[in-house]
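First comes the structure, then the notes that go with it.
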Amino acid sequence: MATTAQKPKLVVIVGPTASGKSALSLKIAKEFDGEIICADSRTVYKGIDIGTAKPTKQDRAKVKHWGLDLVEPGQRFTAYRFKKYAQAAISDINSRGKLSILVGGTGLYIDSVIFDFGFRDDANLLKRQKLESLSVLELQEIIKKAGYKISENSQNKRHLIRAIETKGRAGARKSSLPKGVILVGILPPDGVIKEQVGQRAEQIFANGVLSETKKLVRKYGKEAIAETGGIAYKICLEILAGKIIEAEAIEKFKKADWQYARRQKTWFRRNKFIHWFSDAEQASNYIKAQLNT
RNA sequence: GCUGGGGUAGUGAAGCGGUCAAACACUGCAGACUGUAAAUCUGCCGGCUUAUGCCUUCGGGGGUUCGAAUCCCUCCCCCAGCA
């Protein structure tokens with residue numbers, strides 16, 4: 001059967017939010033003795049559970065999950081750190097003869113791992129603070145004078161600041177997928193995603209994000225939750241501020257989550273190595289076929 | 001039934017005689033994005049295979065005017081107050 005050389009080292013499952021990635025990864029993990037690495041920039045935060053649809057205690061008891069609850073809300077967590085973490089996790093998992101399954105909707109995190117991004121200089125937070133006080137125009141001026149090239153994101157303050165921090169250098173990346181990586185994407189039709197986003201929004205509120213938000217605010221403060229909580233929490237904060245009622249919040253969340261799904265689609269769309277499937281079932285069949293060869 | 005307010009793009013909302021296809025916001029669509037990425041930013045968004053171009057618009061109809069979304073009459077519909 002499979003020789004060790006050909007044995008896939010990593011299964012990667014991507015797709016927009018609420019497309020069924022988690023369920024699929026769980027299924028594959030159970031069937032092939034795997035462990036899951038969540039590539040999600042929000043579930044790395046402790047306590048940010050309900051609003052991010054973080055894998056449940058039950059699921060985590062059945063299959064080992066990596067990448068969850070790594071830091072406290074409000075703390076800095078970066079793509080660089082995720083990449084390091086994920087790579088270590090993968091070699092740990094593989095060294096024990098298990099299958100690594102990288103799953104998530106944070107495209108940057110996924111790409112940083114599979115294309116082995118060569119990240120550039122870290123930010124000097126003090127300098128960054130100063131840069132943040134400048135206007136877009138002033139930042140562009142600095143870049144021009146230094147001779148760095150201004151990208152298409154020339155109106156984007158964050159990108160301009162980053163360009164200055166990295167002295168305009170581009171980051172290295174692999175131009176193709178490493179051997180042994182199975183990369184699949186789940187991309188249901190828009191109508192289906194919207195439907196699932198809607199259902200999940202109802203579910204998340206029924207599960208009590210609002211009271212979770214209250215608890216988190218008490219523990220970490222409003223700022224921390226607003227900054228690192230994610231879409232659902234920002235909206236819950238609006239309820240707590242008395243700006244909207246819960247029914248409005250749910251609708252708002254559905255809309256915002258769909259917009260997020262669209263951004264994810266845009267990111268993943270340009271990755272030509274992804275094998276796309278319109279539902280988890282088909283993706284599952286493909287992965288199984290690959291793993292069984 | 002009377003009085004007052006209102007009917008403008010998918011929605012909200014400016015405009016209140018000429019420079020109005022119509023500010024602005026939201027939605028929607030497309031895109032960018034290597035150390036904040038569930039973030040941040042860009043373009044388009046009445047129609048015309050897309051343009052410093054043409055066409056059609058401002059509840060319906062009629063009128064005043066060189067010229068109306070803007071003034072007048074009338075009809076229809078909303079909302080508030082009074083009956």
Side-chain angles (χ1 to χ4, degrees), chain A residues 14-19 21 38-45 48-54 71 73-86 104-125 127-129 131-132 135-136 139-140 150-175 190-191 194 197 200-201 204 209 223-237 244 248 251-271:
Chain A
V14 303
T17 192
S19 60
K21 300 186 295 292
C38 299
D40 186 308
S41 70
R42 295 304 107 182
T43 55
V44 298
Y45 289 104
I48 308 279
D49 301 339
I50 298 170
T52 57
K54 190 184 279 178
V71 291
Q75 289 185 336
R76 184 164 119 103
F77 188 88
T78 64
Y80 175 80
R81 184 162 164 197
F82 178 80
K83 185 201 160 193
K84 288 283 176 210
Y85 175 89
T106 303
L108 177 63
Y109 286 12
I110 294 278
D111 287 1
S112 74
V113 175
I114 63 178
F115 294 120
D116 193 24
F117 279 7
F119 282 106
R120 305 105 103 203
D121 308 329
D122 192 6
N124 176 324
L125 264 22
K127 278 187 193 160
R128 176 175 283 189
Q129 239 176 13
L131 291 174
E132 269 166 354
S135 70
V136 167
L139 291 167
Q140 288 176 339
I150 292 187
S151 67
E152 188 182 328
N153 270 315
S154 63
Q155 299 298 311
N156 189 333
K157 240 175 125 167
R158 290 190 180 179
H159 286 242
L160 294 174
I161 290 171
R162 203 76 259 281
I164 294 168
E165 287 172 351
T166 59
K167 302 187 171 62
R169 281 174 298 162
R173 68 177 287 160
K174 292 240 157 59
S175 56
D190 286 358
K194 278 183 193 172
V197 159
R200 205 181 59 174
I204 280 173
V209 242
E223 287 300 300
I225 300 310
E227 274 169 30
T228 51
I231 299 167
Y233 298 89
K234 270 188 202 157
I235 293 171
C236 282
L237 251 23
I244 53 174
E248 294 171 310
E251 289 315 303
K252 203 165 175 176
F253 179 49
K254 287 180 189 173
K255 221 170 255 178
D257 214 24
W258 163 245
Q259 292 173 331
Y260 169 48
R262 289 192 56 244
R263 268 176 276 136
Q264 291 176 302
K265 280 174 59 182
T266 301
W267 178 282
F268 289 124
R269 209 144 34 188
R270 61 182 180 174
N271 182 340

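Each chain gets a letter, A, B and so on, in the order its sequence line appears, and its residues count up from 1. Everything numeric here is computed off the predicted structure, so don't read it as measured data. For the numbers below, each heavy atom of this structure counts, side chains included, while hydrogens, waters and symmetry mates do not.
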Scanning all shown strands, the Watson-Crick or wobble mate of C20(B) with both distances under 3.5 Å is none

Reckon Tyr109(A) touches a base, only the sugar-phosphate, or nothing at all at heavy-atom distances under 4.0 Å? sugar-phosphate

Base, sugar-phosphate, or nothing: which does Lys194(A) touch, judged by heavy atoms less than 4.0 Å apart? sugar-phosphate

Want to settle it: does Lys174(A) or Asn156(A) sit nearer the 5' end of RNA chain B, counting the closest nucleotide to each? Lys174(A)

Check every atom of G31(B), A37(B), U34(B) against the side chain of Glu152(A) and return the nucleotide holding the closest atom. G31(B)

Between A69(B) and A22(B) - P atom distance, rounded Å: 14 Å

Could you work out the separation of G15(B) and C71(B) based on their P atoms and round it to a whole Å? 12 Å

Take Arg162(A) and Arg128(A) through the test side-chain contact (heavy atoms from CB on, under 4.5 Å) and record every step on the way to the result. CA-CA 9 Å; Arg162(A) 203 76 259 281; Arg128(A) 176 175 283 189; 3.6 Å; yes

Would you measure the distance from the C1' atom in A21(B) across to the matching atom in G46(B) and give it in whole Å? 7 Å

Give Gly107(A) one of three labels, base, sugar-phosphate or nothing, depending on what nucleic acid heavy atoms sit under 4.0 Å from its own. nothing

Integer-rounded Å distance: A37(B) C1' and Ile110(A) CD1: 13 Å

Heavy atoms under 4.0 Å, any strand shown: does Gly229(A) hit a base, just sugar-phosphate, or nothing? nothing

Taking CG from Asp257(A) and C1' from U27(B), how many angstroms apart are they, rounded to a whole number? 16 Å

Can you list the steps and then say if Asn271(A) with Ile114(A) is a side-chain contact (heavy atoms from CB on, under 4.5 Å)? CA-CA 11 Å; Asn271(A) 182 340; Ile114(A) 63 178; 4.1 Å; yes

Among A30(B), U42(B), G28(B), find the nucleotide with the atom closest to the side chain of Lys255(A). G28(B)

Taken to the nearest whole Å, CZ/Arg262(A) to C1'/U40(B) is 16 Å

Just checking Ser112(A): base, sugar-phosphate only, or nothing, at a heavy-atom cut-off of under 4.0 Å? nothing

Whole-Å P distance, G60(B) and G10(B): 14 Å

Could you check whether Glu251(A) gets within reach of a base, just the sugar-phosphate, or nothing at all, counting any heavy atom under 4.0 Å? nothing

Can you check whether Gln140(A) reaches Gln155(A) side chain to side chain, under 4.5 Å on heavy atoms? yes

Find the partner of A68(B): check Watson-Crick (N1-N3 plus N6-O4 or O6-N4) and G-U wobble (N1-O2, O6-N3) distances, both under 3.5 Å, and reply none if neither fits. none

Nearest-nucleotide pick for Thr78(A), side chain only, options being G31(B), A37(B), U36(B): U36(B)

Just the rounded figure in Å: distance from P of G43(B) to CG of Asn153(A). 11 Å

What is the base-pairing partner of U42(B), counting Watson-Crick and G-U wobble geometry with both distances under 3.5 Å? A30(B)

Would you say a side-chain N or O of Gln259(A) is under 4.0 Å from OP1 or OP2 of G28(B)? yes

May I ask you to say what Ser154(A) touches in the nucleic acid, namely base, sugar-phosphate or nothing, with a heavy-atom cut-off under 4.0 Å? nothing

Would you please classify the geometry between the Phe82(A) ring and the Tyr109(A) ring as parallel, tilted or perpendicular, with 30° and 60° separating the classes? parallel

On a whole-Å scale, what distance lies between the P atoms belonging to G17(B) and A68(B)? 14 Å

Which whole-number value in Å describes the distance from Arg162(A) CZ to U40(B) C1'? 14 Å

Any Lys/Arg nitrogen of Arg169(A) or Asp121(A) sitting under 4.0 Å from an Asp/Glu carboxylate oxygen of the other? yes

Ion pair check, Lys127(A) and Glu165(A), cut-off under 4.0 Å: no

With P as the reference atom in both, quote the distance from G7(B) to C54(B) in angstrom, rounded to an integer. 30 Å

Return the value, rounded to whole Å, for the distance between atom CD1 of Ile161(A) and atom C1' of U36(B). 10 Å

For U11(B), give the paired nucleotide (Watson-Crick: N1-N3 plus N6-O4 or O6-N4; G-U: N1-O2 and O6-N3; both under 3.5 Å), or none. A25(B)

Across the strands shown, which category fits Ala170(A) at heavy-atom distances under 4.0 angstrom: base, sugar-phosphate, nothing? nothing

Need the pair for C2(B). Rule: Watson-Crick or G-U wobble, both distances under 3.5 Å, any strand; none if unpaired. G81(B)

Sticking with atom P, work out how far C58(B) lies from U8(B), rounded to a whole angstrom. 11 Å

Neighbour count >12 (heavy atoms, 6.0 Å) for atom CD, Glu223(A): no

Expressed as a whole number of angstroms, how long is the span from Lys167(A):NZ to U34(B):P? 19 Å

Would you mind telling me which of G31(B), C29(B), U34(B) lies closest to the side-chain atoms of Thr266(A)? G31(B)

Tell me whether the ring of Tyr80(A) lies stacked over the G35(B) base, given a 5.5 Å limit on centroids and a 30° limit on the plane angle. yes

Contact class for Asp121(A) vs. all strands (heavy atom < 4.0 Å): base, sugar-phosphate, or nothing? base

Suppose you measure atom C1' in C44(B) against the same atom in U49(B); what distance do you get, rounded to whole Å? 15 Å

Salt bridge or not between Lys21(A) and Asp40(A)? Use side-chain N to carboxylate O under 4.0 Å. no

To the nearest angstrom, the NE2-P distance between His159(A) and U40(B) comes to 11 Å

Winner on side-chain proximity to Gln155(A), out of G35(B), U34(B), U42(B), is U42(B)

Report the C-alpha distance between Ile244(A) and Ile235(A) in whole Å, list the side-chain angles of each, state the deciding distance to 0.1 Å, and finish with yes or no for side-chain contact (heavy atoms from CB on, under 4.5 Å). CA-CA 9 Å; Ile244(A) 53 174; Ile235(A) 293 171; 4.1 Å; yes

May I ask you to verify if any side-chain N or O of Trp258(A) is less than 4.0 angstrom from the OP1 or OP2 atom of C29(B)? yes

Base, sugar-phosphate alone, or nothing: which one does Phe82(A) contact when heavy atoms must sit under 4.0 Å apart? nothing

Watson-Crick or G-U wobble partner for U49(B), using a 3.5 Å limit on both distances? none

If you find the nucleotide of RNA chain B closest to Arg269(A) and the one closest to Arg76(A), which residue's nucleotide is nearer the 5' end? Arg269(A)

Give a yes/no on whether any side-chain N or O of Arg120(A) is located under 4.0 angstrom from OP1 or OP2 of G35(B). yes

Base, sugar-phosphate alone, or nothing: which one does Asp40(A) contact when heavy atoms must sit under 4.0 Å apart? base

